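The basis for the numbers below is simple: all heavy atoms, side chains too, and nothing from hydrogens, waters or symmetry mates. None of these values were measured; they are calculated from a predicted model.
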Amino acid sequence: MTLTVDVLDRLHAEDVATATHLVQRSADGAALIELLEMLWSVGIPRAKPLIGPVLERLSQLRPLQG
């Protein structure tokens, strides 16, 4: 929940660059999924540029399947 709150605070402050940086540093897949759901469904202003980095970070955390 902390990631979501921190990112939403940054978006509210119109600081998309810092919000993106927080996403890129996160290793908490559950928090990233929660954030993605929030960004996608709630219609938060300035959220669109952040959806891509969240999806990218989630794909980096996905375990390799062999």
Side-chain angles (χ1 to χ4, degrees):
M1 184 65 133
T2 301
L3 175 66
T4 301
V5 171
D6 289 346
V7 168
L8 294 178
D9 283 347
R10 293 294 89 219
L11 289 177
H12 180 70
E14 300 184 24
D15 188 358
V16 177
T18 300
T20 302
H21 181 71
L22 290 169
V23 165
Q24 292 169 337
R25 284 190 8 221
S26 178
D28 186 345
L32 288 165
I33 291 169
E34 175 187 70
L35 176 61
L36 181 62
E37 182 180 276
M38 183 83 63
L39 295 173
W40 189 270
S41 65
V42 178
I44 297 167
R46 294 172 292 282
K48 285 185 180 184
L50 210 52
I51 292 172
V54 172
L55 290 171
E56 181 180 344
R57 186 62 183 141
L58 280 169
S59 73
Q60 293 168 350
L61 296 176
R62 185 182 67 194
L64 296 176
Q65 298 176 1

Atom [atom1] of [X] and atom [atom2] of [Y]: how far apart are they, to the nearest 0.5 Å?
X: L32; Y: L58; atom1: CG; atom2: CG; value: 5.0 Å
X: D28; Y: I33; atom1: CG; atom2: CD1; value: 9.0 Å
X: D15; Y: L22; atom1: CG; atom2: CG; value: 8.5 Å
X: R46; Y: L39; atom1: CZ; atom2: CG; value: 12.0 Å
X: T20; Y: L50; atom1: OG1; atom2: CG; value: 4.5 Å
X: T4; Y: E34; atom1: OG1; atom2: CD; value: 3.5 Å

Over all atoms of both residues, closest heavy-atom pair of L11 and A47
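Of all heavy-atom pairs spanning L11 and A47, the closest is CD1-CA, 4.3 Å.
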Flag side-chain contact, heavy atom, 4.5 Å: R57 against L61:
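In contact.
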Under 3.5 Å, side chain of S26 to main-chain N/O of V23, donor-acceptor pair present?
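Checking the backbone N and O of V23 against the side chain of S26, no donor-acceptor pair under 3.5 Å is found.
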